[in-house]
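Keep in mind that what you see is a predicted model, and the values were worked out from it rather than measured.
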Amino acid sequence: MSGVLLRLACTAAVAAQAVLAPAPAVAAPDPQRSVAKLLTDLQQLYRKAEQATETYDATAGRLRQQQAEVARLDGELARARLALQTGRVDAGRLARQQYQNSSDFSPYLRLLLARDPQHALDEGHVIGQLARERADTVHRLAVAERHKDQLARAARRALDTRLSLTEQQRRQRDDVRVRLADVERLLAALTPEQLGAVARLEQTGATGAERDLTTSGARGDDRPPSGEGMRAVSYALAQIGKPYRWGAVGPGAYDCSGLTSEAWSHAGTAIPRTSQEQWNQLRKVPLNQLRPGDLVVYFPAATHVAMYVGAGKVVQAPRPGDRVKLSPLASLPVLGAVRPDVGQTREAG
């Protein structure tokens, strides 16, 4: 990860001067601040930025679903209005027929006065059938009116929800930008010596965490992957070197859950978009039963996710300024692991 800090620092100073307005959110680092404190501050800022990104991604997903719902209801409403118009035409025709065929004689009186009572009975049956058809037409018209009104109200509510989500997404987008600006300001204020010391400390911590995980027995030997898992891993590995960009799902850039969700989509299995949804909705597996293609989720709030590829490594889109890469499984605090598929594993060998 040390290269990340150095690459970010090279661009952050320019970005902070050219793009970012001065803001008091992140103060310039105290020259006496310890390297451990600097690393902690940076990691907290990264985590806040990624959490804001995942929140933004979740809202973006709900907005896409709501847009589809609005389109569906608009289509149904258009069809209901057309059916209602047809029903009104039929009702108008029946009203005209009723007016033209009106008589002061009741059906019973016409039967008594008929020269051919059987014919009158037959005729009465036909008249009754026509009356029932008219009643059915009126009933269908009333039902169509109610259906159209219900659809109109549902379409209005769906549109209001879409507008609310759009505004919510705009606020969350601004929050992500503020969080990223905080990171850039802090990095731009660090000296090369501080950057190097922070990077070395970060690498030491990751190495120690990976060693502790291995020696504790929490991670066992790899299980054979499923066919879908291998396809997902192949896709994710092919993205190595592409930049991290918040909200991105490829093909040119990814955020953490954008990479995992797209990899599994290309493997033929749709999974939730965000790391928190993936953690909450997919089947959890112990770390000692990992197989390639499983997703490793990080931090207590499940704000980061990577894909296990075997041999204690994950492929991930790490954070702003970095690129998709291979990392040790325990390079970040592990929350747990989930399995997107239930397919049969491949035979070893």
Measure the CD-CG distance between E76 and L73 for me, rounded to the nearest 0.5 Å.
6.0 Å
Testing R157, E69, Q67, E167 for side-chain contact (heavy atoms from CB on, under 4.5 Å) with R162, which one passes?
Q67
Pairwise distance CG(L201) to NZ(K37) - rounded to 0.5 angstrom
13.5 Å
Rounded at 0.5 Å granularity, tell me how far NE2 in H304 sits from CD in Q316.
4.0 Å
Quick one: do V297 and L259 end up in the same hydrophobic cluster if we chain Ile, Leu, Val, Met, Phe, Trp and Tyr together by side-chain heavy atoms under 4.5 Å apart?
yes
Charged N-O contact under 4.0 Å between D149 and R153:
no
Does D255 form a side chain to side chain contact (heavy atoms under 4.5 Å, CB included) with Y56? I'd like the steps, not just the answer.
CA-CA 12 Å; D255 64 18; Y56 171 89; over 6 Å; no
Quick one: are Y298 and L335 in side-chain contact, heavy atoms under 4.5 Å?
no
Sort out for me which residue in T55, T59, T53, D57 forms a side-chain hydrogen bond (donor to acceptor under 3.5 Å, both in side chains) with Q172.
T59
Sidechain N-carboxylate O distance under 4.0 Å for R177, D182:
no
For the NZ atom on K242, are there more than 12 heavy atoms of other groups (residues, nucleotides or ligands in this structure) within a distance under 6.0 Å?
yes
Is any side-chain heavy atom of Y308 closer than 4.5 Å to a side-chain heavy atom of L295?
no
